Trainee: 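I am attaching a structure below and will ask some questions about it afterwards.
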Amino acid sequence: MEIKINKSILSLVEGDITKQDTEAIVNAANKSLRGGGGVDGAIHRAGGPKILEECIKIGECETGEAVITTGGNLKARYVIHTVGPVYRDGLHNEPKLLENAYKNSLGLASSKGIKSIAFPSISTGAYGYPLKEAAEIALKTSINYLRERDDIELVRFVLFGQNAHEVYEKKVRELV
Ligand code: AR6
């Protein structure tokens, strides 16, 4: 589904983030930026060793922050690596840190003049964030960003599997 927010499009699709043709894709990385499983593993496998080389040069990334590399062999020109929070019980600043991961990724994209960006559902795999709560934060943060500024023309959420796609669709209908 697609919705218009000011001049921009917010889109939700079911699929694989590594196949996206947006200018940037976002990686749900860890602080070490040395790769891992899930989305992170898939991006490094599909993008090739150049991405890891650039990550090693950057060093580390704090939870809620974002850094950028080129996209290696991916269709996307850039990968924005952000680190979502590990979910414990929701009382350890997880909502704010997850919001920051989205905000800082969008801010970094804006600062590079990137017009289209694809996100996975950050923190909802290995990091255990409950999907509905994470979807609300992901969507609210993106919608607010697009309401405030119109330099990013497309924000696409790429949900892995039917269930995640349905949860995000339901949530977006509640929010707009
Ligand atoms: N495209 C889109 N979404 C995907 C893909 C894909 N190819 N593969 C998995 N997902 P996760 P996290 C979904 O675990 O929870 C890594 O080891 C998946 O179904 O990738 O932020 C890092 O190195 C889930 O909904 O990221 C970190 O150590 C969502 O992407 C840690 O995992 C996020 O799952 C980060 O954990």
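Note that this is a predicted model, so its numbers are computed, not measured. Both counts, for ligands and for their atoms, begin at 1 and track the order of listing. Along the sequence shown, residues are numbered consecutively beginning with 1. Just the heavy atoms: all of them, side chains too, but no hydrogens, waters or symmetry mates, feed the values below.
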Trainee: Regarding atom 29 (C) of ligand 1: of the candidates Gly35, Gly38, Ser121, which has the closest heavy atom?
Mentor: Ser121
Trainee: Would you please test Lys112 and Asp151 for salt bridge (Lys or Arg N to Asp or Glu O under 4.0 Å) and show each step?
Mentor: CA-CA 11 Å; Lys112 296 281 173 192; Asp151 57 314; over 6 Å; no
Trainee: More than 12 non-hydrogen atoms from neighbouring residues, nucleotides or ligands closer than 6.0 Å to CD on Glu174, yes or no?
Mentor: yes
Trainee: Nearest non-hydrogen atom to atom 23 (O) of ligand 1 belongs to which of Asp40, Ile17, Val86, Leu131?
Mentor: Asp40
Trainee: If you apply the rule side-chain hydrogen bond (donor to acceptor under 3.5 Å, both in side chains), what do you find for Asp150 with Asn6, and how did you get there?
Mentor: CA-CA 7 Å; Asp150 57 15; Asn6 288 338; over 6 Å; no
Trainee: Just need the protein heavy atom nearest to atom 30 (O) of ligand 1, so name the residue and atom and give the distance.
Mentor: Val39 CG2, 3.1 Å
Trainee: How long is the straight-line distance from OH of Tyr168 back to CZ of Phe119, given to the nearest 0.5 Å?
Mentor: 10.0 Å
Trainee: Report yes if some heavy atom in the side chain of Tyr78 is under 4.5 Å from a heavy atom in the side chain of Ile114; otherwise report no.
Mentor: yes
Trainee: Out of curiosity, is Gly84 lining ligand 1, as in a heavy atom under 4.0 Å away?
Mentor: no
Trainee: Quick test: of every protein heavy atom, which one is nearest to atom 32 (O) of ligand 1, and how far off is it to 0.1 Å?
Mentor: Ala126 CB, 3.6 Å
Trainee: Mark yes when over 12 heavy atoms from residues, nucleotides or ligands other than Arg77 sit less than 6.0 Å from its CZ; otherwise mark no.
Mentor: no
Trainee: Suppose we measure from atom 21 (O) of ligand 1 to each protein heavy atom; which comes out shortest, and what is that distance?
Mentor: Ser123 N, 2.8 Å
Trainee: Nearest non-hydrogen atom to atom 24 (C) of ligand 1 belongs to which of Thr124, Val26, Asn30, Asp16?
Mentor: Thr124
Trainee: Who gets closest to atom 19 (O) of ligand 1 by heavy atom: Tyr129, Phe157, Phe160?
Mentor: Phe160
Trainee: How about Tyr127 and Tyr87: are their ring centroids closer than 6.0 Å?
Mentor: no
Trainee: Would Gly37 count as being in polar contact with ligand 1, using the rule that some N or O on each side must be under 3.5 angstrom apart?
Mentor: yes
Trainee: Taking 4.0 angstrom as the limit and counting only heavy atoms of Gly36, give me the atoms of ligand 1 inside it, by number and element.
Mentor: 17 (O), 23 (O)
Trainee: Quick one: does Ala164 get a heavy atom under 4.0 Å from ligand 1?
Mentor: no
Trainee: Nearest to atom 26 (O) of ligand 1, what protein heavy atom do you find, and at what distance?
Mentor: Ala28 CB, 3.7 Å
Trainee: Using modelled atom types and a 3.5 Å cut-off, is there a donor and acceptor pairing between side-chain atoms of Ser116 and backbone atoms of Glu23?
Mentor: yes
Trainee: For atom 15 (O) of ligand 1, find the nearest protein heavy atom and state the residue, atom name and distance (0.1 Å precision).
Mentor: Gly125 N, 2.8 Å
Trainee: Between the side chain of Asn30 and the main-chain N/O of Gly35, is any donor-acceptor distance below 3.5 Å?
Mentor: yes
Trainee: Give the residue, atom name and distance (to 0.1 Å) of the protein heavy atom nearest atom 36 (O) of ligand 1.
Mentor: Tyr127 CG, 3.4 Å
